[in-house]
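Encoded as structure tokens, the structure appears first; notes follow it.
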2 protein chains.
Amino acid sequence: MSDKMKNTRSEIAHAARAEFVAHGYEGARLQKIADRIGVTKAMIHYYFNTKRELFEHVFRQSVEEMFSGLAELLDKNIPLFKKIEQLISACHNKAESDPGVLGFVLTESNRNADWLLPVIEEEITLEKSAFAEQIEEASASYTITSVDPNQLLLNIFSLCYYPSLSAPVNRAVLTDGDDKSGRELTAGRQGIVLDTILNWLTA
Amino acid sequence: MSDKMKNTRSEIAHAARAEFVAHGYEGARLQKIADRIGVTKAMIHYYFNTKRELFEHVFRQSVEEMFSGLAELLDKNIPLFKKIEQLISACHNKAESDPGVLGFVLTESNRNADWLLPVIEEEITLEKSAFAEQIEEASASYTITSVDPNQLLLNIFSLCYYPSLSAPVNRAVLTDGDDKSGRELTAGRQGIVLDTILNWLTA
DNA sequence: GTCTATATTGTGATAGAC
DNA sequence: GTCTATCACAATATAGAC
């Protein structure tokens with residue numbers, strides 16, 4: 001693959017990601033993707049044959065990015081509480097650094113489950129045995145209460161990701177559109193999530 | 001408005017809701033909405049002029065439904081912990097009884113904030129002063145730790161709603177597509193959420 | 001590799017008969 | 001109120017020149 005080709009190809013992928021995240025699979029327009037980088041629609045078909053193939057490429061990228069680092073973190077050889085803290089920090093970073101991608105992956109997974117869930121399973125393998133073992137040990141020594149590792153992860157994901165998914169609605173519903181209290185809501189958030197999780201575990 | 005008219009109109013609205021929830025505003029097709037109830041596209045334009053107007057009608061309905069009862073619950077004259085328990089129960093009911101609507105409202109709010117956030121503000125008013133007062137009192141008497149009412153609500157919404165939003169992804173990522181452990185994940189969920197919230201408050 | 005031109009199908013919306 | 005027929009335009013995709 002030549003440099004020129006690799007460049008245009010990845011430029012298209014990059015522009016496509018923005019368009020798909022903003023409008024979803026059905027709402028995205030190939031013309032707009034082409035416009036974003038100043039090429040013609042024909043180029044998209046040259047590099048990615050169909051809209052469907054282009055989308056799958058973008059979706060794979062997004063899923064990979066959304067979970068990248070988490071598998072390694074779960075396997076890391078550090079104390080349980082430190083691991084949980086880093087997990088929460090990592091999730092917040094993902095939600096903040098690329099807002100929209102999370103909602104994109106979830107929405108498209110719901111709307112095209114038959115097509116995309118197999119893609120997710122291909123792309124993601126969360127090895128949880130080390131994490132589960134740590135929980136088991138901490139529970140056996142009465143350092144924490146006994147919990148299902150999956151429920152713990154689900155609690156962490158929920159507390160970290162939902163506020164980002166619902167940010168605009170929160171501003172309207174919780175803070176009555178007031179920007180100041182809206183920022184306050186996200187400012188102290190990470191510490192609150194950590195508190196919530198740790199207090200639950202050490203009840 | 002005649003009975004016949006009211007019937008067809010609400011039939012269209014009902015079919016439109018299913019189509020919009022499944023495909024979003026841009027992905028929804030008026031032809032498919034008409035097909036669902038055996039009328040022609042022309043009928044849709046007769047009752048709801050444009051696709052945009054039809055969508056706004058459906059979106060209003062969905063927002064109303066998503067938050068209906070919550071405002072009253074927050075104002076109810078019952079003990080704080082009982083209120084929290086009922087809040088959690090109500091949110092789980094909403095997520096389970098109409099899966100998809102929650103994600104629909106959030107996704108569309110993100111993608112068309114300028115248009116839809118004002119609609120949400122028109123439709124929803126969460127009077128939180130009674131709830132905030134209860135928290136203040138419980139905190140003053142050292143029954144719970146001091147928390148921001150908005151953060152408490154956000155924690156509850158997160159823990160109740162995110163698992164529903166991410167259900168398909170969870171099956172793929174957390175339970176490796178295993179249906180049995182997938183059901184286990186949702187089975188004990190409501191109790192875990194209550195535990196998480198109460199242990200956080202009484203740390 | 002990149003473009004222009006075009007084929008084909010689908011989309012929201014309107015006009016007008018009944 | 002409900003339908004058929006149709007318009008104007010937009011969408012994905014392809015063919016072929018350079």
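Every chain is numbered from 1 and lettered A, B, ... according to where its sequence line falls, protein lines coming before strand lines.
- Shown here for A:Gln61 and A:Ala13, the closest heavy-atom pair between the two residues is OE1-CB, 4.4 Å.
- The side chain of A:Thr40 lies closest to C:dT4, out of D:dT4, C:dG1, C:dT4.
- Using a 4.0 Å heavy-atom cutoff across all strands shown, A:Ala34 reaches no nucleic acid atom at all.
- Atoms CD (A:Glu11) and P (C:dG1) sit 14 Å apart, rounded to a whole Å.
- Per the geometry, CD1 belonging to B:Ile44 stands 11 Å off P belonging to D:dC3, to the nearest Å.
- With ring centers used as reference points, B:Trp115 lies under 6.0 Å from B:Phe55.
- If you check C:dC3, D:dG1, C:dG1 against the side chain of B:Tyr46, the one that comes closest is D:dG1.
- Across the protein-nucleic acid pair, A:Gln31 atom CD and D:dA13 atom P stand 13 Å apart, rounded to whole Å.
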For nucleotides 13-18 of chain C, give me one character per nucleotide, 5' to 3': B if any protein heavy atom sits under 4.0 Å from the base, S if the only such contacts are to the sugar-phosphate, - if neither.
BB----
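- Under the ring-ring contact (aromatic ring centres under 6.0 Å, His included) criterion, A:Phe81 pairs with no residue at all, not counting sequence neighbours.
- Scored by the ring-ring contact (aromatic ring centres under 6.0 Å, His included) test, A:Phe157 finds A:Tyr161 as partners (sequence neighbours excluded).
- A straight line from CZ of B:Arg29 to C1' of C:dG10 spans 8 Å, rounded to a whole angstrom.
- Within the structure, ring-ring contact (aromatic ring centres under 6.0 Å, His included) contacts touching residues 176-203 of chain B (residues at least two apart or in different chains) do not occur.
- Note: CD (A:Glu53) to P (D:dT12) measures 15 Å, nearest angstrom.
- One atom, CZ of B:Phe55, and another, P of C:dT11, lie 18 Å apart when rounded to the nearest Å.
- Remark: P of C:dG12 and CD1 of B:Ile33 are 8 Å apart, rounded to the nearest angstrom.
- Under the salt bridge (Lys or Arg N to Asp or Glu O under 4.0 Å) criterion, the residue pairs touching residues 62-80 of chain A are A:Arg17-A:Glu65, with sequence neighbours excluded.
- The side chain of A:Met43 lies closest to C:dG1, out of C:dG1, D:dT2, D:dC3.
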Donor-acceptor contacts under 3.5 Å from residues 101-111 of chain A side chains, at least two apart:
residue  : atom : partner  : partner atom : Å
A:Thr107 : OG1  : A:Gly103 : O            : 2.8
A:Thr107 : OG1  : B:Thr107 : OG1          : 3.0
A:Glu108 : OE1  : A:Asn112 : ND2          : 3.3
A:Glu108 : OE2  : A:Tyr25  : N            : 3.3
A:Ser109 : OG   : A:Val105 : O            : 2.6
A:Asn110 : ND2  : A:Leu106 : O            : 3.1
A:Asn110 : ND2  : B:Leu165 : O            : 3.1
A:Arg111 : NE   : B:Ala22  : O            : 3.4

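- With rounding to whole Å, A:Phe48 atom CZ is found 16 Å from C:dT2 atom C1'.
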